[in-house]
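To start, the structure under review is shown below, and the notes come after it.
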Amino acid sequence: MADRVTVIGWDGTPLPGAARAALDAATLVAGTRHHLALSDVPKGAEQIVLGSIDIAARRIAGHRGTAVVLADGDPGFFGVVRALRAPELGLEVEVVPAVSAVARAFARAGMPWDDARVVVATTRTLRRAVNVCRANTKVAVLTAPGAGPAELALLLTGVHRTFVICEELGTEREEVTVLTSDKVADHIWRDPNVVLVVGGLGSRGQGIAALGAPVTHSGGSWIAGRDPGFPGDTRGWALPAAEYGGRLPAQLRAFQLARLGPRSGDLVWDIGAADGSVAVEAAGFGAAVIAVDQDADACDWITATARRVGVQIQVVQGTAPAALDDLPEPDVVRLGTADPAVAAACAARRPARIVAAAGNRDEAEAITRALTDGGYDVERSVLQTVELDSDWAERERAVNFALCGSRR
């Protein structure tokens, strides 16, 4: 097997001495065609053009000699190092990194990136990457053929963002373009590229110089990426209804959120969102959220609450089920209306979970039938909440039928 594997990151600048020494001693060099064309690659070494990383890793593991793998940027950041470190290969791996494409992209934009989310978009992960862009104000997207800037922009319909598109970073053909998301799909983009998707509630500018303003704090960050806690100064979730100016019992909201399990990469529909408390707290878990309500005042209230709390929510004014036709596919759905026609329309979109509440048994049975007919197994519970005043006397009592449909 290979005596040693050195993974060298290349960012378009001359290779450092340690990288050149490793290449000089290499009996096998793996990389893309533009890597293998570098003048530092020894002519007598066996060459492997990287296609499937896993196949190349097995070939490298079977090579008798010294192997070098050339990769773009920092190969330990969403790169080839993970495949080479697979325990079954038994390889001793040394890494000589370069500047990552993400760091270079943010440098070109003149923005800090310790508060950014970083995602990989492929044809398989594109939808989840887009949901992360919906839910966050600063995201770097490492793209792939078929999952580039145009595809990102098309799936972000209805959400305004600014795109910083960095093509062929580190090469002589490097180009950086800044466009609003509605203009991106009109262009053809070269691979490889990194896309910075920036903006959202509270955005204050379109140009590169202003892009970091909504999410950059003078005090600095203490943890990379998104703070794992709830946004802002809020501690906890399933907060009292008064925190949102509404009447949905916190205990029912907690049950619904627990059954939905919103997480990064998910898209949550909150249909009949009312005070927006479920939508806001789902967004606090990192999910993308679309809140739908027919009342204009409710939509304004949800928008203001999301801005106050510091989460990203797309608010759609309209009446379900017609308002759902043009929405992107949900992962989970919360129904704030006890309408079996809306439940059936949501079931037809095949989310993993649908939760609903009803005020009486007749409504609960109608929603259960709609979900069951739509291919869901329905968990049924009755939740009773009793509020007590300062003297421990009962102040308010609420009884709800809580329904959770899980896709078969």
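For this chain, numbers begin at 1 and follow the sequence in order.
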(message) Within a 6.0 Å radius of atom CD1 on Ile188, are there more than 12 heavy atoms belonging to other residues, nucleotides or ligands?
(response) no
(request) For Asp293 and Cys299, indicate whether the former's side chain and the latter's backbone hold a donor-acceptor pair under 3.5 Å. (result) no
(message) Looking at Gly73, is its backbone amide N or carbonyl O close enough to the side chain of Arg104 to form a donor-acceptor pair, meaning the two atoms are under 3.5 Å apart?
(response) no
(message) Any non-hydrogen side-chain atom of Phe106 less than 4.5 Å from a side-chain atom of Lys138?
(response) yes
(request) First locate atom CD1 of Ile60, then atom NE2 of His63, and finally report the distance between them rounded to the nearest 0.5 Å. (result) 9.5 Å
(message) How about CZ on Arg82, more than 12 heavy atoms from neighbouring residues, nucleotides or ligands closer than 6.0 Å, or not?
(response) no
(message) Donor-acceptor check, side chain of Thr6 to backbone of Ala22, threshold 3.5 angstrom: yes or no?
(response) no
(request) Report yes or no: does Glu281 contribute a side-chain atom to a donor-acceptor pair with the main-chain N or O of Ser277 at less than 3.5 Å? (result) no
(message) Heavy-atom count check: over 12 atoms from other residues, nucleotides or ligands less than 6.0 Å from Arg59 CZ?
(response) no
(request) Assess whether atom CZ of Arg190 is packed by more than 12 heavy atoms of other residues, nucleotides or ligands within 6.0 Å. (result) yes
(message) Check whether Asp275 reaches the backbone of Gly245 with its side chain - one donor and one acceptor, N or O, closer than 3.5 Å.
(response) no
(message) Between Arg397 and Glu387, does any NZ, NE, NH1 or NH2 come within less than 4.0 Å of an OD or OE carboxylate oxygen?
(response) no
(request) Evaluate the ring pair (Phe, Tyr, Trp, His ring centres under 6.0 Å) criterion for residues Trp237 and Phe285: first the C-alpha distance (whole Å), next the side-chain angles of each, then the deciding distance (0.1 Å), finally the verdict. (result) CA-CA 9 Å; Trp237 55 280; Phe285 288 112; 5.3 Å; yes
(message) For a side chain to side chain contact (heavy atoms under 4.5 Å, CB included) check, start with the C-alpha distance between Leu126 and Leu155, then their side-chain angles and the critical distance, and finish with the verdict.
(response) CA-CA 9 Å; Leu126 176 60; Leu155 290 179; 3.7 Å; yes
(request) For the residue pair Asp11 and Thr13, confirm or rule out a side-chain donor-acceptor distance under 3.5 Å. (result) yes
(message) Please verify the inter-ring angle class for Trp10 with His35; under 30° counts as parallel, over 60° as perpendicular, anything in between as tilted.
(response) perpendicular
(request) Measure from the side-chain N and O atoms of Asp266 to the backbone N and O of Pro262, and report whether any donor-acceptor pair falls under 3.5 Å. (result) no
(request) Go through the side-chain N and O atoms of Arg134 and Gln314 and say whether any donor and acceptor fall under 3.5 Å apart. (result) yes
(request) Test Phe163 against every option in Asp182, Val178, Val197, Thr177 by the side chain to side chain contact (heavy atoms under 4.5 Å, CB included) rule and name the one that passes. (result) Val197
(message) When you measure from the side chain of Asp74 to the backbone of Ser100, do you find a donor-acceptor pair of N or O atoms at a distance under 3.5 Å?
(response) no
(request) Flag the pair Leu248 / Leu252 as yes when at least one side-chain heavy-atom distance between them is below 4.5 Å, and no otherwise. (result) yes
(request) Kindly say whether Tyr376 contributes a backbone atom to a donor-acceptor pair with the side chain of Arg408 at under 3.5 angstrom? (result) yes
(message) Looking only at side-chain N and O atoms, does Arg353 offer a donor or acceptor that is under 3.5 Å from a partner on Ser406?
(response) yes
